[in-house]
There are 2 protein chains.
Amino acid sequence: MKIDFEAAVQFLRESDNFLLLTHRNPDGDAVGSLWALCRALRSIGKRVTFRLAGRVAENMLFAAEQPDDSFEPQCIVSVDLAEAHLLGEELFPVYGDRIDLNIDHHASNTFFAKKTLLNGNAAAAAVLVYQLYAPLGATLDKKAAEQLYIGVSTDTGCFRYHNTDADCLRTAAALVEAGVDNGEINRIIFETKSKAYVQFESLALNSMRMHFDGKCAVISLTQEMYAKTGVDESEIHMISALPRQIEGVLVGVTIKEKENGLCRVSLRTNEPVDASSIAKIFGGGGHKLAAGCDLNGGLRTATADLLKAIEATLKEYNLL
Amino acid sequence: MKIDFEAAVQFLRESDNFLLLTHRNPDGDAVGSLWALCRALRSIGKRVTFRLAGRVAENMLFAAEQPDDSFEPQCIVSVDLAEAHLLGEELFPVYGDRIDLNIDHHASNTFFAKKTLLNGNAAAAAVLVYQLYAPLGATLDKKAAEQLYIGVSTDTGCFRYHNTDADCLRTAAALVEAGVDNGEINRIIFETKSKAYVQFESLALNSMRMHFDGKCAVISLTQEMYAKTGVDESEIHMISALPRQIEGVLVGVTIKEKENGLCRVSLRTNEPVDASSIAKIFGGGGHKLAAGCDLNGGLRTATADLLKAIEATLKEYNLL
């Protein structure tokens, strides 16, 4: 059942002994929203604990809350969770059909929870949690504001992506007024890279090849590059943004070599090209401007197959 | 004379036949503020022209206004101008001592104009120009909002730098509501690089060497790297941000090889190291976290001299 803000506030006020959950491998918006909801409820006298499935990025731990094992949870609330199975292998079987309230911002939300507070247009779940603070009578102290800022800033690429709307900019303004040292958090989260990553990025850029009059750029990430730099898997996702950033590129491709000839492909496009339609050819999927798929047969063959599909797509759009 | 908003609005309302100026080599905030002030005044029936000294970045020209040579200017207004001589060689001798009103956000402003509207805490001059719109009764249409957004976003590194305050985030929110396609402007201004620049960045990252237990990172840009990639001088400034981004780095150095053994050095530091104190040793200067200086004797000697000074500085702070 979809409920509105008022009903969500009433439900949270009338309940106690909360267990909070979010999606596996929690990103900044997942942990930021979860910690901030935890802090809000504790500030109005509730008992709250939570469980996280997977590691939280180290550069966000400064804003962490601690779980509380001193009581038996009675009310289960999730945040930033589009589908129940995204709880992950460990938590889904236990809690998948027991969530009392889900607070989410994914337009694709499946309404798996008993109650759902959804704003499919919100840039981040943290924007919704922020909007709960005042009606709950919760205390927005500096730490709460930091947790919410992590959510809002990471889900918008620090206010750079297309989902950055007026609401989330106003939320950020309020959080800065509540004491967030946003410049310093931005430095830690968006401006800090490991030495291994920088070496890896140099190799990745060097591997880049242009095709079809510069309309397609392909970066190839080999096992050798991983081994040589020792880069951490968690940092590699930043590479896939690079090929599309080049002037004139409509299709940016990053091909990651895995074991046994498997290649994982990330596709990022600029208007008007639809990334998901290319990914679908190979059994993958995604959004219009960002999609992914897997190919077999090793880097050479996978690249050749992919380029054929991209060429056909560009021709369809009369861009070649 | 320092004046307040009310007096500035009154002055602008009572004047006409404006000439607008800004600093030479105008950046996003300079042109954004100037165009937006031009548009504001024209929207309330004033005649306005302007002069720019130096090239405007191509990716901002979509929001440009056109000068108007059909009248003789009577009232000279400058924006984003900290000192009169920053008008540049061509405009300073003509207009340096004739500016009626200067609208600025540099704390270091020298009050060279007859009247100065200054907010030294504002993130961008465009924030001040935005705040003039309502009291002037000017029309904030989509194009005006785009011009102001260029100013606010570029002076804050797209809301990433330490100067990003609540005021500028709220201004951005209002501009988005006025119709700015901020995601698309961000893509064009902050996410688009030339192929030559990407090749250059790969070589630059590859040249990076770490010193003093990873507390100092040095990138060396050689004449050969310029020649090989054909990178445009205007894109190179982005390189100097890279060394400081590496985890644990306190002093990030970029050394550019010029002609005749001259080396231009950019220093970026993290707290607590003072970049300007290192630059001063070599006759340079700047701010606490960003400074610059010139050294002679070629890349090898310049690097050695600089590293000695950095080592001594790190020891002074008991960081080595």
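Below, read A as the first sequence line, B as the second, and so on, with proteins coming before strands; counting in each chain starts at 1. No experiment lies behind these values; they were computed from the predicted model shown.
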NZ (A:K142) with more than 12 external heavy atoms under 6.0 Å: no

Heavy-atom contact with chain A under 4.5 Å, split by part of B:N270: side chain

B:A173 versus A:R170, closest heavy-atom pair with distance: CB-CG, 3.7 Å

Over 12 non-hydrogen atoms of neighbours within 6.0 angstrom of NZ in B:K228: no

Residue pairs, two or more places apart or on separate chains, that pass salt bridge (charged side-chain N to carboxylate O under 4.0 Å, His left out) and touch residues 206-216 of chain B: none

Nearest-0.5 Å distance, OG1 of residue B:T164 to CZ of residue A:F159: 8.5 Å

Contact origin within B:Y161 toward chain A - heavy atom pairs under 4.5 Å: backbone

Choice from A:R160, A:E191, A:E247 maximising heavy atom contacts with chain B below 4.5 Å: A:R160

Approximate separation, where rounding is to 0.5 Å, of B:L242 CG and A:K193 NZ: 6.0 Å

Contact listing (chain A partner; residues 198-207 of chain B; heavy atom under 4.5 Å): B:V198, B:E201, B:S202, B:L205, B:N206

Rounded distance [0.5 Å steps], NE2 in B:H162 versus CG in A:D181: 5.5 Å

Chi angles and distances behind the side-chain contact (heavy atoms from CB on, under 4.5 Å) call for B:R187, A:R244: CA-CA 10 Å; B:R187 188 184 75 76; A:R244 184 179 56 182; 5.8 Å; no

Contact winner vs chain B - A:D165, A:V176, A:I246, heavy-atom pairs under 4.5 Å: A:I246

